[in-house]
Amino acid sequence: METCSGDLPPVLAANYSGLACQPVWNNFVLRYHQDKDNVLRVVLSTMYSTGWVGMGFSRDGLMVGSSAMVGWIGKKGLPHVRQFALRGKSSSKVVVDRGFLVSNDHDHTVVVQQAKIYLAFQLRFSYRLTHQHIVMAFGNSIPVKNRLTRHQDKTSFTFDFTTGRASVDGSFPYGLRRAHGALNVFAWGVLLPIGAILARYFRRMDPLWFYLHVGVQLAGFIIGLAGVVAGVALYNKIQADIPAHRGLGVFVLFLGILQVLAFFLRPSADSKYRKYWNWYHHWAGRLALFFAAVNIVLGIHVGGADSSWKIGYGFSLAVLLVAVAALEFMLWTRWSKNSTATPTY
């Protein structure tokens with residue numbers, strides 16, 4: 001086990017002695033000191049057999065958008081330390097020799113001693129670090145041509161460089177992100193499509209279909225609104241720059257509000273304006289559900305959700321599409337046998 005009680009390798013003692021030390025994650029130990037010129041000296045150490053280890057500095061607690069110092073011992077036994085810009089979650093978007101960290105290559109060192117790796121580097125900041133979002137990860141495969149393989153494990157936390165305290169809960173509001181995703185998937189991805197299905201395919205059950213439609217849609221809109229509020233709170237905490245997801249969310253919410261207003265402005269069945277209202281209500285609802293589905297997929301992608309979210313929503317969407325296809329076939333078959341007009345609503 002790597003602890004703060006161990007001595008640094010002699011090759012690091014000259015430039016990295018006298019550092020504060022703090023265990024931060026699993027076997028990872030962080031030694032650090034920032035001088036009066038805001039130069040931060042860091043030694044990150046952990047148990048090691050092969051692969052790579054990395055420490056990233058993030059502005060919002062997320063991996064994407066952060067810059068990381070990564071070290072490893074190559075297949076020929078040579079040490080490697082490089083900065084990477086983490087622009088995405090695929091290997092092609094982890095770009096070597098890019099990032100916002102300011103350093104000199106000759107200040108970086110990797111040493112392996114007694115099954116432990118020591119990643120030492122110096123960074124210059126324009127300000128004194130206090131609470132800083134940190135991401136850490138390691139992979140078991142040696143990078144080839146400076147291309148990082150997928151990490152074996154990762155973590156993120158906020159580290160206070162003045163007190164040496166790491167706060168996992170404060171690094172990223174995971175609970176708020178889960179609430180935002182779950183509420184919106186359930187509301188816009190499940191309840192509201194079911195309400196639309198009731199209105200289109202079950203109008204023969206008059207007036208039960210109408211009350212079910214209104215009740216389900218109202219519940220879905222309220223839950224979806226709660227999901228939007230959670231999303232706004234999440235944005236205020238992390239300031240994530242995802243304009244497409246945010247813009248689609250605002251547009252879908254706007255259409256949802258129009259649908260709620262449409263209920264209170266519904267003309268009577270014999271009004272000459274009823275057909276225009278029907279046209280508006282139908283197509284605004286379809287647009288809202290379509291763009292909501294697109295935004296759910298986009299949110300799952302940019303939010304870095306695990307496979308359970310993708311499988312769960314994919315299964316729900318598939319069930320809804322199969323049900324719509326079957327009900328649409330039955331509806332057109334019935335219409336072909338009976339040309340009686342469907343009641344308006």
Cluster link [X] to [Y], ILVMFWY, side chain under 4.5 Å:
X    : Y    : answer
V250 : I223 : no
I222 : I257 : no
V95  : L148 : no
L331 : I194 : yes
L253 : V260 : yes

Which distance, rounded to the nearest 0.5 Å, do you find between the [atom1] of [X] and the [atom2] of [Y]?
X    : Y    : atom1 : atom2 : result
Q132 : Q34  : CD    : CD    : 10.0 Å
L265 : W277 : CG    : CH2   : 9.5 Å
H80  : I142 : NE2   : CD1   : 9.0 Å
T149 : H151 : OG1   : NE2   : 10.0 Å
T50  : K75  : OG1   : NZ    : 9.0 Å

Just say parallel, tilted or perpendicular for the rings of W188 and F221, cut-offs at 30° and 60°. perpendicular
Should the pair F159 and F157 be assigned to parallel (<30°), tilted (30 to 60°) or perpendicular (>60°) ring geometry? perpendicular
Could you pull out all residues at least two apart from [X] that satisfy side-chain hydrogen bond (donor to acceptor under 3.5 Å, both in side chains)?
X    : answer
S92  : S90
S308 : D306
Q152 : N140
H131 : D160

Would you list the atom pairs, donor with acceptor, under 3.5 Å between side chains in residues 9-18 and any protein atom, with sequence neighbours excluded?
unit_1: Y16; atom_1: OH; unit_2: D107; atom_2: O; d: 2.8
unit_1: S17; atom_1: OG; unit_2: A13; atom_2: O; d: 3.2

Around atom CZ of R128, are there more than 12 heavy atoms of other residues, nucleotides or ligands at under 6.0 Å? yes
What do you reckon, is OH of Y280 surrounded by more than 12 foreign heavy atoms closer than 6.0 Å? yes
Assess the pair W279 and Y276: is the distance between their ring centroids shorter than 6.0 Å? no
For the residue pair [X] and [Y], establish whether any side-chain heavy-atom pair is separated by less than 4.5 Å.
X    : Y    : result
T155 : V135 : no
N146 : W72  : yes
V42  : L123 : no
L19  : R41  : yes
H281 : Q259 : yes
S103 : R124 : no
T158 : R165 : no
D153 : N26  : yes

Quick check with a 6.0 Å cut-off and a 45 degree axis cone: is R59 positioned over the face of F100's six-membered ring? yes
Minimum-distance pair of heavy atoms, taken over all atoms of L198 and W209: O-CB, 4.1 Å
Please name the pair of heavy atoms, one in S141 and one in W52, separated by the smallest distance, quoted to 0.1 Å. O-CD1, 3.3 Å
Between [Y] and [X], is there a side-chain donor-acceptor contact under 3.5 Å, judged purely by atom types and distance?
X    : Y    : value
N278 : H282 : no
S156 : H133 : no
S91  : R150 : no
E328 : Y201 : yes

Salt bridge (Lys or Arg N to Asp or Glu O under 4.0 Å) with R82: which residues, sequence neighbours excluded? D97
Residue of the set L30, I134, V29 for which side-chain contact (heavy atoms from CB on, under 4.5 Å) holds with V24: L30
Among F121, F57, F84, exactly one meets side-chain contact (heavy atoms from CB on, under 4.5 Å) together with L101. Which residue is that? F57
Checking [X] now: which residues fulfil side chain to side chain contact (heavy atoms under 4.5 Å, CB included) with it, not counting sequence neighbours?
X    : answer
V112 : Y48, I73, I117
D7   : none
Q217 : L192, H213
V229 : none

List the atom pairs, donor and acceptor, that lie under 3.5 Å between side-chain atoms in residues 287-298 and the rest of the protein, sequence neighbours left out.
unit_1: N295; atom_1: OD1; unit_2: H245; atom_2: ND1; d: 2.9
unit_1: N295; atom_1: ND2; unit_2: H245; atom_2: O; d: 3.2

Side-chain ([X]) to main-chain ([Y]) donor-acceptor, under 3.5 angstrom:
X    : Y    : value
T333 : F329 : yes
R200 : A196 : no
S66  : M63  : yes
H180 : A230 : no

Scan residues 317-326 for pairs that pass side chain to side chain donor-acceptor pair (under 3.5 Å), counting only residues two or more places apart or in two chains. none
